[in-house]
Protein chains: 2
Amino acid sequence: MAGGRPRTFDMDDALDRAVEVFWRQGYEGTSISELTAAMGVNKPSLYAVFGTKEELFQQVVQRYAERELAYFREALALPTALEVVCDYLNRNAVALTRPDRPPGCLSIQGGLSASPANNTVTQFLATSRLTGERALAARLTRARTDGDLPADAAPAALARFVMVVSEGQAVHAAAGATAYELQQSAAIALKAFEQALTTAN
Amino acid sequence: MAGGRPRTFDMDDALDRAVEVFWRQGYEGTSISELTAAMGVNKPSLYAVFGTKEELFQQVVQRYAERELAYFREALALPTALEVVCDYLNRNAVALTRPDRPPGCLSIQGGLSASPANNTVTQFLATSRLTGERALAARLTRARTDGDLPADAAPAALARFVMVVSEGQAVHAAAGATAYELQQSAAIALKAFEQALTTAN
DNA sequence: CCAGTTTGCAACCGATCGGTTCAGAACTTT
DNA sequence: AAAGTTCTGAACCGATCGGTTGCAAACTGG
């Protein structure tokens with residue numbers, strides 16, 4: 001057994017750098033040479049460690065979900081439906097506009113559309129967004145049995161509405177909207193949600 | 001003066017075909033050879049008639065706004081703020097999911113993010129979206145003087161909220177949501193808007 | 001110090017990118 | 001029919017794409 005030549009890069013750091021590049025430029029807007037430069041990894045090592053561009057992208061999205069979307073899972077753990085949604089949309093506004101991060105959301109601008117050759121990337125991101133929506137729907141279903149959502153409320157439709165607002169916030173953030181502006185939109189959306197707490201939907 | 005060899009393509013038809021390709025694949029996901037194939041225009045003619053890829057894209061976006069976003073301008077012409085927003089969001093749901101069109105919205109998935117080399121495209125689209133938001137804000141400001149929006153309502157914030165919802169609908173549509181699902185979201189959003197009609201915002 | 005292992009670096013691969021050049025075909029006017 | 005104009009088709013341009021190969025450098029265990 002032998003050690004071999006040591007790496008000049010840290011895998012975790014390199015992946016974080018890749019997250020940033022894909023986040024800012026999207027899948028098709030990012031070239032391998034830009035990635036190797038930003039990650040501090042030479043090309044053969046990149047392929048040895050992370051696989052192809054598409055495989056790297058999947059790891060990037062996973063890392064992004066773990067490190068940058070923690071607030072979503074934390075929001076889901078709050079006691080009532082209203083708290084969940086209020087917390088999520090407001091923290092979303094902040095997360096989408098962090099000055100030390102690219103504006104917007106990787107899960108959307110990473111590849112909302114693409115060449116037919118890269119269709120799997122678009123579908124992969126759509127699926128990962130849908131997973132979040134389903135988690136929220138499940139949380140709202142529980143809220144209905146908990147009693148903080150009316151029995152005749154529609155958790156799937158409400159969850160979809162919340163995700164629609166959150167995606168709209170992301171598009172606006174990518175265009176340069178401020179956290180305050182996005183929170184204003186969140187506040188208006190929450191009025192609709194509050195109404196669902198008392199009325200049939 | 002002479003006529004020269006006649007073209008084998010129609011400029012208007014060719015531009016419509018280009019709209020469809022950019023709409024489905026985005027700016028960076030579309031190659032010149034895909035465009036020439038879809039438009040029925042050979043490469044030298046494409047450059048002679050439409051200019052560079054970026055110049056063609058600008059004409060494509062303009063054509064898209066003229067032909068595919070007419071319902072937005074029609075909605076703005078309705079008598080009251082509530083009618084304007086209700087009509088817009090519901091017709092948006094239909095327009096984003098037409099079976100004879102690519103799902104989603106060209107103004108968003110055409111280039112939400114891009115390589116630094118194509119940054120102008122992203123900014124161009126963001127500006128064109130902002131133009132729509134400002135038109136809606138102006139319409140809501142008029143509604144305030146008309147009296148169908150409270151004096152203490154915030155037209156800019158309300159317009160931003162409506163555009164956030166509309167952009168979220170577009171992202172959802174790109175992922176395969178149905179018109180019905182998007183109209184459910186529109187209905188929930190409208191409850192928030194209705195509340196703004198009676199209460200301070 | 002040497003054998004074995006793993007990395008870094010650079011050159012290379014075919015394919016495609018956006019964009020141009022050029023000869024000849026197809027038209028109109030005289 | 002000849003001259004003039006405009007378009008088509010294909011070949012071509014340098015650059016870059018994602019991905020690979022080969023070799024020397026840098027480490028470990030014996």
Side-chain angles (χ1 to χ4, degrees), chain A residues 1-15 17-18 21-22 24-61 110-111 113-122 124, chain B residues 1-15 17-18 21-22 24-61 110-111 113-122 124:
Chain A
M1 319 300 169
R5 181 168 172 172
R7 287 180 179 154
T8 58
F9 63 93
D10 179 80
M11 250 192 83
D12 269 29
D13 292 351
L15 194 54
R17 307 272 183 80
V21 180
F22 277 125
R24 181 164 275 122
Q25 308 188 8
Y27 180 79
E28 289 187 326
T30 301
S31 67
I32 298 287
S33 47
E34 284 171 318
L35 287 168
T36 56
M39 297 168 77
V41 180
N42 54 66
K43 252 203 255 192
S45 292
L46 190 148
Y47 281 90
V49 174
F50 298 103
T52 67
K53 185 187 181 187
E54 191 173 327
E55 290 165 341
L56 168 61
F57 185 71
Q58 292 177 8
Q59 299 167 61
V60 159
V61 172
S113 65
S115 151
N118 295 321
N119 233 319
T120 58
V121 169
T122 296
F124 172 70
Chain B
M1 317 309 160
R5 180 168 175 172
R7 288 180 180 154
T8 58
F9 62 92
D10 179 79
M11 251 191 83
D12 268 28
D13 292 351
L15 193 53
R17 307 273 182 83
V21 179
F22 276 126
R24 181 163 273 124
Q25 308 188 9
Y27 181 79
E28 289 187 326
T30 301
S31 67
I32 298 288
S33 47
E34 285 171 318
L35 287 168
T36 55
M39 297 168 75
V41 180
N42 54 65
K43 251 203 255 194
S45 293
L46 191 147
Y47 281 90
V49 174
F50 298 104
T52 67
K53 184 187 180 186
E54 191 173 328
E55 291 165 342
L56 168 60
F57 185 72
Q58 292 177 6
Q59 300 167 60
V60 158
V61 172
S113 65
S115 151
N118 295 320
N119 232 318
T120 58
V121 169
T122 296
F124 172 68

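Below, chains carry the letters A, B, ... as their sequence lines are ordered, and counting in each starts from 1.
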Would you kindly give the [atom1]-to-[atom2] distance between [X] and [N], to the nearest whole Å?
{"X": "B/Arg5", "N": "C/dA23", "atom1": "CZ", "atom2": "C1'", "answer": "12 Å"}
{"X": "A/Gln25", "N": "D/dT16", "atom1": "CD", "atom2": "P", "answer": "15 Å"}
{"X": "B/Lys43", "N": "D/dC13", "atom1": "NZ", "atom2": "P", "answer": "13 Å"}
{"X": "B/Asn42", "N": "C/dG18", "atom1": "CG", "atom2": "C1'", "answer": "16 Å"}
{"X": "A/Lys53", "N": "C/dT16", "atom1": "NZ", "atom2": "C1'", "answer": "13 Å"}
{"X": "B/Tyr47", "N": "D/dG9", "atom1": "OH", "atom2": "P", "answer": "17 Å"}
{"X": "A/Phe57", "N": "D/dG18", "atom1": "CZ", "atom2": "P", "answer": "13 Å"}
{"X": "B/Leu46", "N": "C/dT20", "atom1": "CG", "atom2": "P", "answer": "11 Å"}

Sugar-phosphate, base or nothing in reach of B/Thr36, heavy atoms under 4.0 Å: nothing

Sugar-phosphate only, base, or nothing, as touched by A/Ser115 at under 4.0 Å among non-hydrogen atoms: nothing

B/Tyr27 and B/Phe22 aromatic ring geometry - parallel, tilted or perpendicular at 30°/60° bounds: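 Rings of B/Phe22 and B/Tyr27: parallel, as their planes differ by under 30°.
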
Gap between atom NZ of B/Lys43 and atom OG of B/Ser33 - 0.5 Å precision: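 So the OG of B/Ser33 and the NZ of B/Lys43 are separated by 6.5 Å.
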
Inter-residue atom distance A/Tyr47.OH - A/Leu56.CG, 0.5 Å rounding: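 With rounding to 0.5 Å, OH (A/Tyr47) is 9.0 Å from CG (A/Leu56).
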
A/Pro116 side chain reached by B/Glu34 side chain, heavy atoms, under 4.5 Å: yes

Distance-only polar pair, side chains of A/Asn42 and A/Ser45, donor-acceptor under 3.5 Å: yes

Which residue lies more 5' along DNA chain C, comparing B/Tyr27 with B/Pro6 via nearest heavy atoms: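 So the residue in question is B/Tyr27.
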
Nearest-nucleotide comparison on DNA chain C, the residue closer to the 5′ end among B/Thr52 and A/Ser45: A/Ser45

Residue mapping more 5' on DNA chain D - nearest nucleotide basis, B/Gly4 or B/Gly40: B/Gly4

Think [X] has a side-chain N or O under 4.0 angstrom from the OP1 or OP2 of [N]?
{"X": "A/Thr8", "N": "C/dT7", "result": "no"}
{"X": "A/Arg7", "N": "C/dT7", "result": "yes"}
{"X": "A/Ser33", "N": "D/dC17", "result": "yes"}

